[in-house]
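Worksheet for the structure shown next.
Predicted, not measured: the structure shown is a model, and the values here were computed from it.
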Amino acid sequence: MKYSPRTFWNHLTQSHTPIHCQPGPISIHLEKLSVSYPKNPIISGLSCHFAAPALWGIAGPNGAGKSTLLKTLLGIQQPKEGDITFHGFCPCDVAYLAQQNQLDRRFPLTVGDTIAMGLFREVGVFQKYTDIQRKKMQIALEQVGLPSFSKTPLQALSGGQFQRVLFARLILQDAPVIFLDEPFTGVDTQTINDLMGLLQLWVKEGRLVIAVLHDLDLVQDYFPQTLLLARHFFKWGPTAGVLTKENMRAALTASRSWESMAGVS
């Protein structure tokens, strides 16, 4: 039996996984979520709620489970316990940007080839792009400040330019929910400011944007809401009330109990 991406996810989430898709306004609800790697608990008892439109930062010490949380929400990592409920969308509707160090730029692709992947669900495999779709690609490049880079090889780009290309691909995906994993690591200040403008635009358009970040100043300056995560410790809500000295001390204290354990953040 063949499934479209949405039909496949509906079948999967309604059967044997703790991920559920429900109608309603776009939101994500986590109830007592726990995630473990073999002999290594990563997240324990996490309950929180994300509702669109909103811009959320996920902060915490190294190894706190931040990236693991995104992968769990995407269905890449299987939860040990708890429930995940998506309202108004399913995981196949999410646009996901992984960390740069997980991406290989040695493959001989141009900027145009790369951003065109954002149209995959619309175009499919081995299909020609229409004039309208090519115009969309050009507009996306203009939005990220790279209007003349379509034929440039990825290998010729700086770190900031490459990140702009990945954001152009996100624009073309046109997803209601966007997950970003350390999107500004190793990126210059001007690029951060420009791309933050895109994040804020997406929220104004009604989307839910969730970003894992290690720079607390960036979180405090740009992200109205934050999940502070340290495996079994968490606080969530308005950033000013979450990133307090008391909560940061508690997160660091919690981290000491697993600093010597092998894990993946």
side-chain contact (heavy atoms from CB on, under 4.5 Å) involving [X] - partner list, sequence neighbours excluded:
| X | value |
| --- | --- |
| Ala240 | none |
| Ala140 | Ala168, Ile171, Leu172 |
| Ser44 | Ser34, His232 |
| Asp174 | Arg207 |

Item to check | Among Asn193, Asp217, Asp215, the one residue meeting side-chain hydrogen bond (donor to acceptor under 3.5 Å, both in side chains) with Tyr222 | outcome: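 For Tyr222, the side-chain hydrogen bond (donor to acceptor under 3.5 Å, both in side chains) check succeeds only for Asn193.
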When you measure from the side chain of [X] to the backbone of [Y], do you find a donor-acceptor pair of N or O atoms at a distance under 3.5 Å?
| X | Y | answer |
| --- | --- | --- |
| Asp93 | Cys90 | yes |
| Lys66 | Ala211 | no |
| Asn247 | Val242 | yes |
| Gln163 | Pro183 | yes |
| Thr110 | Pro153 | no |

What I'd like to find out is whether the side chain of [X] reaches to under 4.5 Å of the side chain of [Y], using heavy atoms alone.
| X | Y | answer |
| --- | --- | --- |
| Ile115 | Gln138 | no |
| Gln161 | Val111 | no |
| Leu227 | Leu46 | yes |
| Leu199 | Leu180 | yes |
| Leu69 | Ile210 | no |
| Asp83 | Lys32 | no |
| Leu146 | Thr152 | no |
| Ser150 | Met137 | no |

Next on the checklist: Could you work out, with side-chain hydrogen bond (donor to acceptor under 3.5 Å, both in side chains) as the rule, every residue matching Thr72, not counting sequence neighbours?
Outcome noted: none
Checklist entry - Between Asp221 and Met196, is a side-chain contact (heavy atoms from CB on, under 4.5 Å) present by the stated rule, with each step listed? => result CA-CA 11 Å; Asp221 288 345; Met196 278 305 314; over 6 Å; no
Could you pull out the closest heavy-atom pair between [X] and [Y], with the gap in Å?
| X | Y | answer |
| --- | --- | --- |
| Leu73 | Phe86 | O-CZ, 3.1 Å |
| Pro79 | Leu33 | CB-CD1, 3.6 Å |
| Gly45 | Phe234 | O-CE2, 3.3 Å |
| Gly118 | Arg169 | N-CG, 3.6 Å |
| Leu218 | Phe223 | O-CD1, 3.8 Å |
| Leu252 | Pro61 | CD2-CG, 4.4 Å |

Nearest 0.5 Å, please: how far is [atom2] in [Y] from [atom1] in [X]?
| X | Y | atom1 | atom2 | result |
| --- | --- | --- | --- | --- |
| Arg231 | Thr68 | CZ | OG1 | 8.0 Å |
| Leu229 | Cys48 | CG | SG | 8.5 Å |
| Leu195 | Leu201 | CG | CG | 12.0 Å |
| Ile28 | Ile84 | CD1 | CD1 | 8.5 Å |
| Phe179 | Leu97 | CZ | CG | 12.5 Å |
| Gln200 | Trp202 | CD | CH2 | 11.5 Å |

Quick one: do [X] and [Y] end up in the same hydrophobic cluster if we chain Ile, Leu, Val, Met, Phe, Trp and Tyr together by side-chain heavy atoms under 4.5 Å apart?
| X | Y | result |
| --- | --- | --- |
| Met117 | Leu198 | yes |
| Ile43 | Ile76 | yes |
| Phe167 | Ile139 | no |

ring-ring contact (aromatic ring centres under 6.0 Å, His included) involving [X] - partner list, sequence neighbours excluded:
| X | value |
| --- | --- |
| His214 | none |
| His87 | none |
| Phe149 | none |

Checklist entry - When you look at Leu213 and Thr226, which way does the side-chain contact (heavy atoms from CB on, under 4.5 Å) test go after all the steps? => result CA-CA 10 Å; Leu213 301 152; Thr226 299; over 6 Å; no
For [range], pull every pair meeting salt bridge (charged side-chain N to carboxylate O under 4.0 Å, His left out), keeping only residues two or more places apart or in separate chains.
| range | value |
| --- | --- |
| residues 233-245 | none |
| residues 188-200 | Arg164-Asp194 |
| residues 131-155 | Glu122-Lys136 |
| residues 41-64 | none |

Item to check | Ser67 versus Gln99, side-chain donor and acceptor atoms under 3.5 Å | outcome: yes
Item to check | Polar contact flag, side-chain donor to acceptor under 3.5 angstrom, His29-Glu31 | outcome: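 The answer is yes; a qualifying pair exists.
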Item to check | Aromatic ring pairing Trp56/Trp236, orientation class (parallel under 30°, perpendicular over 60°, tilted between) | outcome: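 It falls in the tilted class, 30° to 60°.
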